[in-house]
Amino acid sequence: MNDREKTYLRKFWNDIQQAGDILRNQEPPELTEDAFFLFEKTGNRLVYENAYFTRRKYLTVFGILSEFGKKESDIKALNQIILSICGERFWALPAHVDFSHLDEKTIDLFAAETAQSLAEILLIMGNRLPYETVALAQTEIMDRVLTPFCTSTFPYSWWETDRCNWSAVCAGSIGIAAIAMDRMGKLPAAWKEPCIKRVCNALACYLDGMEQDGTCTEGLGYFSYGMSYFTAFSELLYQETNGAVNLMAQPVCEKLAAFQEKCYFGQGISLSFSDSDCHEHFLPGLTAYLVHCFPEIGTPDYASAGTFEDDSCYRWLTNERTIRWLMTYGGQEKSDMECPSPTYALLPCAQWMICKDQNGNGFAAKGGHNDENHNHNDIGHFLCVWQGELLLTDLGAKTSLHHFCRKSSSAPIRYKS
């Protein structure tokens, strides 16, 4: 790792340690059925989700501390949260289930992520966790996710053939969980090859949803989300097959890997097309892995690097890979002089145009069409950035007035109606 990465990783690790110090003295919130069914009754999803993701924070924090710190107090806390998660009635979120045919084994983004997180943690921890906990978690992973998926008639659900981040996250998570369970001797031998084939086919659908010029039309934040699970499974499959299968070798992957750098202007302003924020943060671990695969791509300014608290879902995979991939693949990017930010990028398939000067000032415009994932009817959208201020923008998905009025400025603020 270079000094910049070391400084970042030290702060990232300290933030996780501080979170552990706080959580160690608190009980995780309970997931009540009243909160779950509140979504069906009123449409309120936040009461349940806030508790759900706080519990996943416990899993990620104590999983990472146990993996890299190995303190007995953290392993004890990890054991308790694993047991608690295994006792949850649902791993899927209420917004993702069919209340008319309620199935406690629905595989949505977060049920798949939970299975992946637990399976990987069990494999990493080995016999440092009690046998009873490991056995229970293995049973829950199989019963809730791997068995329903592997025994289902294709497609399991709409996401298995869809061209969006769901196909990457759900399939990637299932694939990682399947390989982890196979390595622990808990996946039926006859299931492995068909499961991996279906996962790879779903990931092909995900890549098909990317433009051939490398644009993720869902937006920069969804690039980080989907690509994290795609690359994590790709790395694991490459290792599992001794290099015989390399999903990253597909031509669109290199173009896609170069996408995020194009989306950053100066002083932390990012392209807010589709479902993106104008202050989107990148994942240094994912970026380090992509640079390892494609040495010609650049790394955004670390002023825009994500922190531990950025992800309100507290995903195990993205946080753990931030540490693991930086430690493994860090220090491989070119210097700023060798790999300057592009001053002009035309993405013809997506019909995006981005231009910026060496100080990060610039202009971007979007054509495209409204039949895109997470589209906000923003064809014809354009923005202008000057000295860290958005002079032209639109409200978009998360971008709101407080984002681009945080600093006083004499320049007028104009936005698309």
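Just so it is clear, the structure is predicted and the values come from calculations on it, not from any experiment.
At distances below 3.5 Å, not a single donor-acceptor pair connects side-chain atoms of Y206 with backbone N or O atoms of G172. With hydrogens and angles disregarded, a donor-acceptor distance shorter than 3.5 Å links the side chain of E218 to the backbone of N165. Distance alone, capped at 3.5 Å, is enough to place a donor-acceptor pair between the Y264 side chain and the E280 backbone. With hydrogens and angles disregarded, no donor-acceptor distance shorter than 3.5 Å links the side chain of R4 to the backbone of D301. A donor-acceptor pair is defined here as one N or O able to donate and one able to accept, closer than 3.5 Å; such a pair exists between the side chain of E160 and the backbone of Y156. Listed for the S167 side chain is a donor-acceptor partner under 3.5 Å among the backbone atoms of D162. W316 places no side-chain N or O within 3.5 Å of a backbone atom of Q116 that could act as its donor or acceptor partner. Although no hydrogens or angles enter the test, the distance criterion places a donor-acceptor pair under 3.5 Å between the side chain of T231 and the main chain of S228. At distances below 3.5 Å, not a single donor-acceptor pair connects side-chain atoms of Q18 with backbone N or O atoms of D15.
Rounding to the nearest 0.5 angstrom, the gap separating the CD1 atom in I82 from the OG1 atom in T133 is 7.0 Å.
A donor-acceptor pair shorter than 3.5 Å cannot be found between the side chains of E211 and W352. Under 3.5 Å, the side chains of R315 and S173 contain no donor-acceptor pair of N or O atoms. Looking at K11 and T307, their side chains never bring a donor and an acceptor atom within 3.5 Å of each other.
T153 is linked by a side-chain hydrogen bond (donor to acceptor under 3.5 Å, both in side chains) to nothing, counting only residues two or more places apart in sequence or in another chain. Looking at residues two or more places apart in sequence or on another chain, you find a salt bridge (charged side-chain N to carboxylate O under 4.0 Å, His left out) between R163 and D208. Contacts of Y238 classified as ring pair (Phe, Tyr, Trp, His ring centres under 6.0 Å), with partners at least two apart in sequence or in another chain: none. Residues passing the side-chain hydrogen bond (donor to acceptor under 3.5 Å, both in side chains) test with R56 are Y52, E88, T114, sequence neighbours excluded.
Between V97 and E104, every side-chain heavy-atom pair lies at or beyond the 4.5 Å cut-off. Counting heavy atoms from C-beta on, the side chains of C313 and F110 come closer than 4.5 Å.
With a 6.0 Å radius and a threshold of 12 heavy atoms from other residues, nucleotides or ligands, N127 has its CG atom at or below the threshold.
Using cut-offs of 30° and 60° on the angle between ring planes, the pair H292 and Y289 is tilted. Using a 30° and 60° split on the angle between ring planes, F68 and W13 fall in the perpendicular class, above 60°.
Residue pairs satisfying the salt bridge (Lys or Arg N to Asp or Glu O under 4.0 Å) criterion with at least one member in residues 169-182, sequence neighbours excluded, are listed as follows: D182-K192. For residues 73-94, the set of pairs meeting the ring pair (Phe, Tyr, Trp, His ring centres under 6.0 Å) definition, not counting sequence neighbours, comprises F36-F90.
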- List the steps and the verdict of ring-ring contact (aromatic ring centres under 6.0 Å, His included) for Y58 and Y314. CA-CA 9 Å; Y58 277 78; Y314 299 103; 9.9 Å; no
